[in-house]
Participant: 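This is the structure I have questions about; it appears just below.
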Amino acid sequence: MPRKYWLLKTEPETFSFDDLLRAPAKTTGWDGVRNYQARNFLRDQMKKGDRVLIYHSNADPPAVVGEAEVAREGYPDPTQFDRRDDHYDPESSPDEPRWYQVDVKAVRKLPTPVPLPLIRETPALRKMALVQRGQRLSVQPVTEAEYATVVALGEAAK
DNA sequence: GCCAACGTTGGC
DNA sequence: GCCAACGTTGGC
């Protein structure tokens, strides 16, 4: 199975790429995803070693800021069972968990962030899920070519 | 803060 | 099973 490529959204005020760099082993459980399509990607498709673009949403500007990799494949998101957690789901049970997460490990921060407007105006990225109208999925597949293009933009001098 | 787009819920 | 109402996402 060849390595696949993904984009994960996060709000930097909640959890930023710098937070990931500071985490133990630069790794965190990507919890809190509560969308079935995204859940299916996390549970079924994301494999150890897959590469991940980390995207800051609700930021100024919104931007891809770093690279990461899947460090552990899909397993039940523990926050769904925690009554005190914002992501608690009373209708899920450990026997039949509804929500899944992967572990994500930082690879590196990009030398320069790749802002959303630049992604929009780059012809090679026109088909990225991120720039499709109304796209809100927080876990998105990315092609190898798109991944390489975004990383190249992040390496270009300002 | 606004609001368009989308997903989910629940009445019927 | 339809669809209106509601809540959320996320750019601007």
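Just so you know, these numbers come straight off a predicted model, no measurement behind them. Lettering of chains follows the sequences in order, A, B, ..., and the numbering in each one begins at 1.
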Participant: Going by side-chain contact (heavy atoms from CB on, under 4.5 Å), name the residues that satisfy it together with A:Q135, two or more places apart in sequence or in a different chain.
Facilitator: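 For A:Q135, the residues satisfying side-chain contact (heavy atoms from CB on, under 4.5 Å) (neighbours in sequence not counted) are A:A129, A:Q132, A:L137, A:Q140.
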
Participant: What pairs of residues pass the salt bridge (Lys or Arg N to Asp or Glu O under 4.0 Å) test when at least one of them lies in residues 115-131 of chain A, not counting sequence neighbours?
Facilitator: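 Every pair satisfying salt bridge (Lys or Arg N to Asp or Glu O under 4.0 Å) with a residue in residues 115-131 of chain A: there are none.
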
Participant: For A:T79, what residues pass the side-chain contact (heavy atoms from CB on, under 4.5 Å) criterion, not counting sequence neighbours?
Facilitator: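 Testing A:T79 for side-chain contact (heavy atoms from CB on, under 4.5 Å), a comparison that skips the adjacent residues, returns A:D31, A:R34, A:D77, A:D85, A:H87.
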
Participant: Tell me what A:R120 touches on the nucleic acid: a base, only sugar-phosphate, or nothing, going by heavy atoms under 4.0 Å.
Facilitator: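 Since only primed, P, OP1 and OP2 atoms lie under 4.0 Å of A:R120, the category is sugar-phosphate.
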
Participant: A:W99: which other cluster members, linking ILVMFWY side chains closer than 4.5 Å, directly or transitively?
Facilitator: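 When side chains under 4.5 Å apart are linked, the cluster holding A:W99 also contains A:Y36.
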
Participant: Between A:E91 (CD) and B:dG10 (P), how many Å, whole number?
Facilitator: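 In whole Å, B:dG10 P and A:E91 CD are 8 Å from each other.
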
Participant: Please give, in whole Å, the distance from C:dG10 C1' to A:N35 CG?
Facilitator: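 To the nearest whole Å, that distance equals 14 Å.
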
Participant: In whole angstrom, give the distance that lies between atom CG of A:L116 and atom C1' of C:dC12.
Facilitator: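 Spelled out: CG on A:L116 to C1' on C:dC12 is 11 Å.
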
Participant: Are any protein N/O atoms closer than 3.5 Å to N/O atoms in nucleotides 1-9 of chain C? If there are, list each pair with its distance.
Facilitator:
{"from": "C:dT8", "atom 1": "O2", "to": "A:R136", "atom 2": "NH1", "distance (Å)": "2.8"}

Participant: Please report the distance, rounded to the nearest Å, between CD in A:Q135 and C1' in C:dC12.
Facilitator: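 That distance rounds to 18 Å.
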
Participant: Run A:D18 and A:K109 through salt bridge (Lys or Arg N to Asp or Glu O under 4.0 Å) and show every step you take.
Facilitator: CA-CA 8 Å; A:D18 285 337; A:K109 195 171 182 172; 2.9 Å; yes

Participant: Applying ring pair (Phe, Tyr, Trp, His ring centres under 6.0 Å), name anything that partners A:Y100, two or more places apart in sequence or on another chain.
Facilitator: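 Counting only residues at least two positions away or on another chain, A:Y100 forms no ring pair (Phe, Tyr, Trp, His ring centres under 6.0 Å).
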
